[in-house]
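All chains are named by letter (A, B, ...) in the order of the sequence lines, taking the proteins before the strands, and each is independently numbered beginning at 1.
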Amino acid sequence: MKNMFRLLMRHALFWPSIALVLLLAGSAAFNPAFLSVSWHDGHLYGNLIDILNRAAPLIIVSLGMTLVIAVRGLDISVGAVVAISAAVAALMIGGSFSADGAVNSDYPLWAALATALAVAAACGLWNGLLVVKAGMQPIVATLILMVAGRGIAQLLTGGQIITIYYAPFFTLGNGYLLGLPVALWIAVLTWVALHLLLSRTALGLFVRAIGGNPEAARVAGVRSSAITLCVYTFCGLAAGIAGLIVSSNVKSADANNAGQLLELDAILAVTLGGTALTGGRFTLAGTIIGALIIQTLTSMIYSLGVPPEVNLVVKAALVFTVMLLQSAEFRALVGRATRGTRATSR
Amino acid sequence: MNEARIVLEARGIARAFPGVQALDGVELTLRAGEVHALMGQNGAGKSTLIKVLTGVYAPDAGVIKLLGEEVRPTSPLHAQDLGISAVHQESHLLPNLTVAENICAGRYPRHGWLRGGGIDWRETNRRARALLADLGLELDVDQLAGGLPAALQQLATVARAVSTDARVLILDEPTSSLDAGEVQALFVLIRKLRDKGVAILFVTHFLDQVYEICDRITVLRNGKFVGEYACARLDAHALVSAMVGRELAAAAASAPPAEISGDAQRSTPVLAARGISRRGQLQPMDIELARGEVLGLAGLLGSGRTELARVLFALDKRDTGSIEIDGKAVSLDKPSDALALGLGFCPEDRKESGIVAELSVRENIALALQARMGLAKFLSPAEQRTIAEKLVAALGIKTASIETPIGQLSGGNQQKAIIARWLATNPRVLFLDEPTRGIDVAAKQELMNEILALARGGTAVLFISAEIEEVVRVADRIVVLRDRAKAGELPRGASEEAVYALIAQPAARAPEANA
Amino acid sequence: MNALMNRRLLPLAVTMALFVAMAAFGAFTYDGFLAPQVFLNLIIDNAFLCIVAVGMTFVILSGGIDLSVGAVIALATMISAALLAAGWNPYAAMAVVLVVGAVFGGLQGYLIQRFGLAPFIVTLAGMFFARGCCYLISTESIPINDATYAAIAQARIPLGGGASLTIGGLIALAVVVLAMRVAHATEFGRTVYAIGGGESSARLMGLKVDGTKIGVYLLSGLSAALAGIVMTFYMLSGYSLHAMGLELDAIAAVVIGGTLLAGGVGYVAGTLFGVLILGIIQTLIAFDGSLSSWWTRIVVGALLLLFCLLQRLFEGRTHKGA
């Protein structure tokens, strides 16, 4: 029994899960209605569903970020890519009123979505090329797009917030399928696809080898550059999907504010989930839990009536705690302290 | 000589780490004006002892006396102040600073308060120049250290260590990355310091260097003190016995020679490289490998041994030349090409470019094969297990389980696992760069036997080692490199002397000498 | 040796040449661009950026990064405004702000050094924390009506010919001069370079790596607080949303100034020119009048790209030379 528990404690997902459960329990304690889920208008309704729905874009971006971090990279341009993807989609869909009052899309919806995603993937590819071919540090390489990206998005939208009137597009961010939000389905689909890709092909092994020791992976003949390129491209694509969901949700594209600080939340989600920032060790499920923790925290703060301003401070405290728990030096320090007290109590 | 003044005494030093008693009752006596060798196999406790002496670790028990007075170094800086300086294996100059600043860093001369009390750069340069001149080193102190060749950097590192008027100088494997000429330059410096009365502790793996420069030897084994000997009274054989802890057979029995039929030698070579070169690293050269052949690559460090293997495996790009596999010209531009063509490469630096420490033994072994099969054709964990278990048994890799992270294995077993990684791909050609470096004597012998067995199975093996004796013992044919070019070839059974003769033969200056 | 010096100074020379070229372009294209006050305004309008970029230079030279500076600036403006609103003596308020900045930076440095945490993540959390603290003080902008602040804000130091400098600009220039001396002629400054060149080697040399690493972040926090004070002179308000994304501009200025992001190589003087280049881009766009403000971001991004590629090229060449 004790052994089972110890084994469980050592499982990578143990601490993140505990944190999530505690957060939910805490919310429920203050607001018993927090956990209730009901059925309205053909779909599920409640705080939990709301959390899942709102967390979807973050989950998707964080999944991409997880892989990038696993190959010892970092992508701080995802927020800017979200803005670009949203801007492209909004520009192409636009929405013109026809004589009978119906709204038409300027281009077919599929073409708008595909173009937005292609542009986002190209952004990721660009980052990857700077890292792999030009040999830049990931944080620097992606800093370039982070700085320039929002400028490009503003250039596309002419500095305006573009409102979208074409209703079918709203399904992505506001629709429901089988009682659950469409955005959630997209997130789940992304996860399942990625999980299969990692466990049914050699991608998982290669990613962990590259992250664990890039030079050894190269010597062993792993096509590190190609895989790293793919990973960055996927991260861009993921940010693009998130951009579509976000712009669909708010029915507009705001080049200045869409995805603002998203890169930080995504890195936070990855860290909270237990992926090592030094590369190699990663967990997709952990990242999802991490993203849910962040969203739960936000929702909880709103539902408790605490001023939302506290949110940032709480997030910061959370990051500090998780970082310290991950640090070997801190564990050693705590270990010594507890051993010390035990020794004196003897 | 025996009456030389004792500078440093360590008595009964003990230090434990979780699960390991790294040092236990270790003794060390260093005398003024003597070079003292510290010998022992890997894990004998040499590094730990050095770290205790320089204040990195506090000993659990024991005393350190400096000139008869007990001292407790608490940090490398404190140890330096006491007069104990060390050049660690991982001591390097800072490449972005000048030589002068590297020497004076942390002890900069200052301007007077009237002039602001800042660092006096002119005086810094003057002091560095004076120190280097005193040690007989000619270096431009104003150039960036990163621009110096490795050997000069090593000498400057030593100069920095003694710039604090060190009474004790500890040199941990200072020669491991130097070639013979550079070692001599270092020895000139060491002798100079010795004659100035510095007590020098010299840690090395090279027996001949010990006998060349040292006066006494302290041997450690498994963290315990074995004994202190005068060099003159302990021959190499006895020294190795002391390190290993058992009597060795007079000469390590070599495996029976592999019978290579004459046909194999004459048939199309499995790998043939023509005119391959890389600027600054490799002169144009031809090289051929036959099926079932062990080709030894001998030469001093920096002679182009590793560089040749890296270019052949496309880890470094070649500037000129073509490569044929089984008589067909192939394009070989990146390691994944080499892998696809059936080549394998066990790198010299196991930790840096061999193992992926946190992956399991199974995954490390499966890595190259999987890389060759590509992303889509996935070896299931069960298939990986089968392959790994077979190879772990075949090579006698000692590991708790094939799911153990490979980082937890000993050096020799890690090396075997990397070889297993390539055996799993059933390679036509396998390059082994220093496969025996840093592993103990017994493991070495086993490895050599594995290599011979491999060749008997038909693989062409390129065997690189700094230890000529090993090359001579295991190779069917020896290519000797000198100054990044091919100096000559020797047949099986050539003596070590023949190899050395080729290495030492003066470089041919006139083109007709080679005709 | 001369060639070597040149190679060491090459990135700095490129930065300076770029600035001169941009100034020349402006002078040829737009009337009135070459006026001394236009150039003094580069310092005046970017005084806080200059101060914080100087602090960032030390962080980057040591091989680290500090993402919290923008938020610390905002926090500094908020604390200043709140204390002044509560009737504090303005100089006491400034002292408190400086201490808060230094302690904030020092704590981040302690976490990074003591527990081996990644600077990126620690300062990211620090950024959240500092912005959050701003919101806790107030979500609204707090105006500053203090007489001393107003006087400082309006003070002009005449430089002849009708040109003048503000107190903020003067502080920025003083910080640059002081920092150049710290980097070049103090043990602390040289240890920063040494850590950037190789932390473990520096440690083995017995240099005071631990204290210096903490000191670098402390200095960065302190300079952010000072930049915050200068910003309050400029804006005469405290606001949570002040200096949004300024950390990126600071990093960009340092990189464009020729400091290697990998650490160990670079000059404070380069950072000054990096700041001036960012400033002149905005001035050029303002003079043009037809270009939208987002072109600034795109041009800064392009310059970043250019300089990073140059750095890679440069690194590659010195590497081959070695």
Side-chain angles (χ1 to χ4, degrees), chain B residues 51 54-56 73 75-81 84-99 101-111 115-121 124-125 140-150 152-153 157 160-161 163-164 172 279-281, chain C residues 1-11 60-63 177-212 258-267 314-322:
Chain B
K51 288 188 170 153
T54 51
V56 178
S75 71
L77 207 60
H78 181 219
Q80 265 178 36
D81 290 340
I84 305 173
S85 279
V87 175
H88 297 275
Q89 247 173 305
E90 58 273 29
S91 285
H92 300 290
L93 296 186
L94 295 163
N96 58 329
L97 304 182
T98 65
V99 172
E101 187 169 2
N102 266 293
I103 287 175
C104 295
R107 298 181 294 270
Y108 297 101
R110 298 306 190 95
H111 283 298
R115 293 190 52 195
I119 294 170
D120 185 345
W121 287 108
T124 302
N125 284 352
D140 175 6
V141 296
D142 202 36
Q143 73 168 305
L144 293 183
L148 290 176
L152 287 179
Q153 290 196 29
T157 313
R160 175 184 162 83
S163 69
T164 44
D172 188 3
R279 213 175 59 176
Q281 296 194 331
Chain C
M1 188 202 123
N2 232 339
L4 234 138
M5 279 304 285
N6 283 343
R7 212 169 61 177
R8 256 182 265 170
L9 293 174
L10 185 66
I60 291 182
L61 277 175
S62 79
V177 171
L178 192 70
M180 284 170 73
R181 188 168 160 75
V182 168
H184 182 71
T186 66
E187 185 125 9
F188 171 80
R190 300 319 296 171
T191 308
V192 171
Y193 279 87
I195 294 172
E199 188 174 332
S200 60
S201 300
R203 206 179 287 277
L204 284 171
M205 282 185 171
L207 302 183
K208 296 182 188 88
V209 170
D210 299 345
T212 306
T259 298
L260 232 55
L261 266 154
V265 179
Y267 296 95
F314 187 68
E315 273 172 54
R317 196 163 305 148
T318 45
H319 205 76
K320 261 174 221 156

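With sequence neighbours excluded, no residue forms a side chain to side chain donor-acceptor pair (under 3.5 Å) with B/Thr157. C/Tyr267 pairs by the side chain to side chain donor-acceptor pair (under 3.5 Å) definition with nothing, not counting sequence neighbours.
Heavy-atom pairs under 4.5 Å with chain C peak, among B/Val56, B/Asn102, B/Thr54, at B/Asn102. For the set B/Glu101, B/Gln80, B/His111, B/His78, the entry with the most heavy-atom pairs within less than 4.5 Å of chain C is B/Glu101. For the set C/Ala202, C/Ala194, C/Gly198, the count of heavy-atom pairs under 4.5 angstrom toward chain B peaks at C/Ala194. The greatest number of non-hydrogen atom pairs below 4.5 Å with chain B, out of C/His184, C/Arg181, C/Lys208, is found for C/His184.
For C/Arg190 (side chain) and B/Tyr108 (main-chain N/O), no donor-acceptor pair under 3.5 Å exists by modelled atom type.
For B/Thr98, the part lying under 4.5 angstrom from a heavy atom of chain C is the side chain only. Residue contact with chain B, scored on non-hydrogen atoms closer than 4.5 Å, is absent for C/Ser200. Residue B/His92 touches chain C through both its backbone and its side chain, counting heavy-atom pairs closer than 4.5 Å.
Across all their heavy atoms, C/Tyr193 and B/Leu97 have their closest contact at CB-CD2, 3.9 Å. Shown here for C/Val265 and B/Asn96, the closest heavy-atom pair between the two residues is CG2-CB, 4.1 Å. Of all non-hydrogen atoms in C/Gly197 and B/Leu94, the two that sit nearest each other are C-CD2, 3.8 Å.
Taking CD of C/Glu187 as the reference point, atom CZ of B/Arg110 lies at 5.5 Å (rounded to 0.5 Å).
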